[in-house]
Amino acid sequence: MSRIQDASADLDFAALCLWIHSNDPDIEGILTVMGEALAQDTDREERDDMAGLIEDGLGSEHARKIWRNLMETLFTPRRGTIVGDARLAGQEQGREEGRVAGKAEQLLRLMERRGFSLTGETRQRVTTCTDMPLLDLWFDRAIDATTLDEIFATPSSKDRVPAQGPKRTAVPSQGLTAPRSSAN
């Protein structure tokens with residue numbers, strides 16, 4: 001396959017040709033044609049699946065390195081373009097959501113390990129909070145607190161975190177119980 005149009009017309013056949021010719025002296029040119037053809041595929045999931053299959057089927061480590069570099073060049077979002085900036089913003093938002101969810105899980109685990117009885121409402125309050133500084137404050141308080149009320153008290157000017165509105169914490173403080181005593 002030496003023309004993008006030919007590869008685009010039958011991506012499966014083009015991939016088979018790549019696998020057969022992965023030791024060809026002009027593999028870089030062949031891979032470039034396939035990469036450009038794949039870049040025209042509008043279905044991102046199918047494109048990504050095909051790119052992975054192509055890499056898996058390449059018999060030459062040299063060809064795999066070229067393919068990986070080509071995929072990074074063609075499909076890595078670039079700053080300064082509308083599409084690139086939107087994709088990068090979405091990726092960062094996803095990473096931030098993951099960090100927040102991870103902090104919430106850590107906080108729940110800490111409170112359980114400290115012996116606090118956690119109601120469904122308390123769990124929901126923690127897992128629906130999207131304010132990382134507030135989760136950090138709750139976590140810090142949970143290290144030494146003797147009651148859940150101490151953990152969830154409204155932030156004050158002494159705290160490292162400015163007071164947040166109720167929209168961030170989802171569920172008001174209710175039905176909180178003191179920690180169970182544990183033999184240390």
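In this text, all values refer to a predicted model and were calculated from it rather than measured experimentally. Below, all heavy atoms of this structure are taken into account, side chains as well, without hydrogens, waters or symmetry copies.
- Expressed to the nearest 0.5 Å, how far SG of Cys17 lies from CG of Asp24 amounts to 11.0 Å.
- With Trp67 contributing its side chain and Gly52 its backbone, the two residues share no donor-acceptor pair below 3.5 Å.
- The two residues Leu70 and Gly35 make their nearest non-hydrogen contact at CD2-CA, 4.1 Å.
- Atom CZ of Arg109 sits in a sparse spot, with 12 or fewer heavy atoms from other residues, nucleotides or ligands closer than 6.0 Å.
- Take Glu28 and apply the salt bridge (Lys or Arg N to Asp or Glu O under 4.0 Å) test, not counting sequence neighbours, and it matches no residue.
- Between the CD1 atom in Ile151 and the OG1 atom in Thr147 there is a gap of 7.0 Å [rounded to 0.5 Å].
- With respect to Glu112 and Arg123, a salt bridge is recorded, a charged nitrogen being found less than 4.0 Å from a carboxylate O.
- For the pair Asp12/Met50, a side-chain contact is recorded, criterion being any heavy-atom separation below 4.5 Å from C-beta on.
- Remark: Thr130 OG1 to Glu96 CD distance equals 9.5 Å, nearest 0.5 Å.
- The backbone N or O of Thr146 lies less than 3.5 Å from no partner atom in the side chain of Arg114, so there is not a single donor-acceptor pair.
- Atom CG of Leu11 is separated from atom CE of Met34 by 5.0 Å, given to the nearest 0.5 angstrom.
- With hydrogens and angles left out, the side-chain atoms of Glu36 and Thr32 include no donor and acceptor closer than 3.5 Å.
- Among residues two or more places apart in sequence or in another chain, the salt bridge (Lys or Arg N to Asp or Glu O under 4.0 Å) test is passed with Arg68 by Glu55, Glu61.
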### Task
Might you work through the side chain to side chain contact (heavy atoms under 4.5 Å, CB included) test for Arg64 and Asp56, ending with a clear yes or no?
CA-CA 8 Å; Arg64 275 195 288 282; Asp56 291 344; over 6 Å; no
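- Looking only at side-chain heavy atoms (C-beta outward), Phe116 and Thr122 stay at 4.5 Å or farther from each other.
- Applying the side chain to side chain contact (heavy atoms under 4.5 Å, CB included) test between Lys103 and each of Leu108, Asp136, Val126, Leu134 identifies Asp136 as the sole match.
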### Query
So Asp6 and Val33, side chain to side chain contact (heavy atoms under 4.5 Å, CB included) or not? Walk me through it.
CA-CA 9 Å; Asp6 294 337; Val33 167; over 6 Å; no
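- With sequence neighbours left out, Ser8 forms a side chain to side chain donor-acceptor pair (under 3.5 Å) with Gln40.
- Residues Glu150 and Ala145 come closest through the heavy atom pair OE1-CA, 3.4 Å.
- Under a 3.5 Å cut-off, the side chain of Arg141 and the backbone N or O of Leu148 do not form any donor-acceptor pair.
- For the atom pair CG of Leu38 and CD1 of Ile54, the computed distance is 5.5 Å after rounding to the nearest 0.5 Å.
- Expressed to the nearest 0.5 Å, how far CD1 of Ile30 lies from NE2 of His21 amounts to 6.5 Å.
- Closest of all the heavy-atom pairs between Ile27 and His62 is CG2-CD2, 4.0 Å.
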